[in-house]
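Computed from heavy atoms alone, side chains included, the values below leave out hydrogens, waters and symmetry copies. What you see is a predicted model, and the numbers here were worked out from it, not measured in a lab. Numbering of ligands and ligand atoms starts at 1, following listing order.
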Amino acid sequence: MVNLNSQDDKKSLHFLEQIIEQDLVSNSKVLTRFPPEPNGYLHIGHAKSICLNFGLAQKYGGECNLRFDDTNPTKEEVEYVDSIKEDVQWLGFQWARELYASDYFEQLYEWAVLFIKKGLAYVCHMTAQEVSDSRGTPTVPGKESPYRNRSVDENLMLFTRMKNGEFQEGECMLRAKIDMASPNMHMRDPIMYRIRYAHHHRTGNDWCIYPMYDFAHGQSDFIEGITHSFCTLEFEVHRPLYEWFLEYIAEPGQAVPKQREFARLNLNYTVMSKRKLLQLVEEKHVNGWDDPRMPTISGLRRRGYTAESIRTFANKVGVSKRENVIDVALLEHCVREDLNSTSARVMAVTDPLKIILTNYPENTTETVYGIINPENPNSEKRAIPFSRELYIERADFMEDAPKKFFRLAPGREVRLKNAYIIMCNEVIKNENGEIIELHCSYDPLSKSGSGTEEAQRKVKATLHWVSIADAVQTEIRLYDRLFTVENPLNTNEQEDFLSYLNPESLQIATAYIEPSIQNAQIGDRFQFERIGYFCVDKDSTTEKLVFNKTVGLRDTWAKVQNK
Ligand code: ATP
Ligand code: MG
């Protein structure tokens with residue numbers, strides 16, 4: 001398991017750490033949980049919750065459970081359960097126990113019966129709409145259900161019949177009998193159980209009544225002995241209800257979990273609700289949950305993000321009680337920093353311009369060497385073939401170059417990285433006047449690392465290149481933001497968020513790469529020198545490597561910070 005907190009020990013404590021430290025005096029061991037509903041793939045927001053729950057448990061010598069909050073059979077699937085487990089482990093965390101709220105259905109049912117027996121719950125025949133209409137508003141009290149005061153025996157009998165499948169969906173429900181005038185709308189006789197004739201991914205058709213979130217979550221925390229139940233701010237208003245149920249369930253003096261809330265992570269230029277992400281997948285606006293443009297953990301992984309960079313990001317955004325939107329440039333900054341120190345360098349040309357070195361022998365290949373990773377002092381070198389015919393990037397040449405253009409131009413010199421200094425002597429065009437190749441000469445004494453005076457001669461630019469005969473032709477997928485606006489959900493109430501989809505979020509191109517790339521495996525990450533970071537995609541075949549661009553080299557976040 002990774003250690004998230006070592007660098008942070010000396011920093012002041014955030015509010016959740018303060019809460020835990022106060023509790024440590026009375027409590028023996030911190031036990032947290034990460035409680036996803038298996039109704040979609042995890043996204044970067046969940047990563048924050050994962051890092052927080054596992055990280056705090058780790059920091060305080062406790063444990064963290066993975067609990068599937070699987071109380072809604074209509075939206076949940078085994079595929080999601082599997083992907084969630086894979087993503088949590090990939091992020092570098094291991095749960096103490098793998099648990100399912102559905103394993104508590106029997107216990108929850110018994111507790112519901114207990115509430116009925118105490119006169120604290122009743123079977124109500126109003127429709128969901130009627131219940132919602134009778135709830136009132138924050139300033140106007142709700143109206144009591146006509147079924148509110150039926151006898152305990154009648155309620156017990158009706159609830160048993162509900163369980164036995166004697167009612168249709170929507171015909172009745174179990175409600176807590178609390179206070180229809182409470183200033184907290186969640187306390188106005190909230191629904192505890194509803195009828196659903198749906199197949200559950202674990203309990204099959206055993207049940208046709210399912211507990212609501214509020215009658216399952218706190219109870220699950222309690223059953224597992226969770227000490228701190230951290231959730232996002234929207235659950236703050238549910239806290240009195242969470243505590244109300246536990247008050248009747250726990251024995252006097254028995255420890256109950258403490259729910260505390262923190263702000264969700266929001267990221268600009270994307271959407272993060274699973275419902276919206278599912279829509280993008282189902283309507284095929286993206287190619288699946290792990291499409292590299294998605295903010296899902298699997299999408300980021302496929303894009304080339306490292307687990308380390310996501311953990312760093314989660315740490316950097318920190319924990320607060322105030323909602324805010326994080327600039328996606330910070331996430332990009334984190335992965336760039338990590339890949340800079342860890343990824344192998346290769347030269348790749350994406351928009352080739354052919355060069356012929358007219359004074360270089362024909363049919364000859366020599367080997368030059370490049371450092372695999374200059375950030376690593378122990379890095380080894382890689383062999384790169386050099387020959388008479390090369391590709392450079394079209395953008396690295398200008399025929400009528402202004403003074404400030406330091407790259408290749410007629411009569412000017414540049415260095416080819418890890419190789420020689422060349423000069424452009426002649427520009428060859430086709431009948432349409434388009435440049436098709438350059439005739440250059442190389443200086444044989446200027447070889448990089450040869451120590452000659454010529455090799456030390458200063459030229460203004462160093463270009464990446466590949467030997468045409470040796471280059472590996474690959475597909476590269478270049479990504480832009482999925483949405484054209486910072487907040488696709490809030491821009492204009494009338495417009496659908498889909499209207500802000502960026503039609504140019506995916507572009508496919510070709511890259512010619514030095515042959516050291518040949519044995520790259522799916523998931524391997526590289527820096528294409530002077531271009532950016534790329535990762536081998538699972539669509540690669542033995543004939544053709546496919547790369548995803550993770551992120552470019554330019555760091556807009558660092559710029560923002562230095563202003
Ligand atoms: P969504 O709204 O995206 O569907 P959710 O809250 O319904 O998310 P759950 O599976 O219920 O998703 O979430 C599991 C845990 O992750 C919860 O504790 C939830 O509070 C937390 N979580 C979800 N989204 C975020 C987010 N954007 N930032 C931080 N924590 C989050
Ligand atoms: Mg949810």
For the pair [X] and [Y], find out whether any cationic side-chain nitrogen is under 4.0 Å from an anionic carboxylate oxygen.
| X | Y | result |
| --- | --- | --- |
| Glu86 | Arg301 | yes |
| Glu234 | Arg264 | yes |
| Lys59 | Glu17 | yes |

In ligand 1, which numbered atoms sit nearer than 4.0 Å to a non-hydrogen atom of [X]?
| X | result |
| --- | --- |
| Thr232 | 19 (C), 20 (O), 29 (C), 30 (N), 31 (C) |
| Pro36 | 10 (O), 14 (C) |
| Ser273 | 3 (O) |

N/O to N/O below 3.5 Å, does that happen between [X] and ligand 1?
| X | answer |
| --- | --- |
| Phe235 | no |
| Leu265 | yes |
| Arg33 | no |
| Asn39 | no |

Among Tyr193, Tyr122, Phe167, ring-ring contact (aromatic ring centres under 6.0 Å, His included) partner for Phe159: Tyr193
Going by the closest heavy atom to atom 31 (C) of ligand 1, which one wins out of Gly45, Cys51, Ala47? Gly45
Run down the list Lys274, Glu37, Lys276, Arg275 and name the one with the heavy atom closest to atom 4 (O) of ligand 1. Lys274
So, Tyr100 versus Phe68, ring centres under 6.0 angstrom or not? yes
Phe115-Phe245 aromatic ring centre distance below 6.0 Å: yes
Contact list for residues 174-185, test side chain to side chain donor-acceptor pair (under 3.5 Å), sequence neighbours left out: Asn149-Lys177
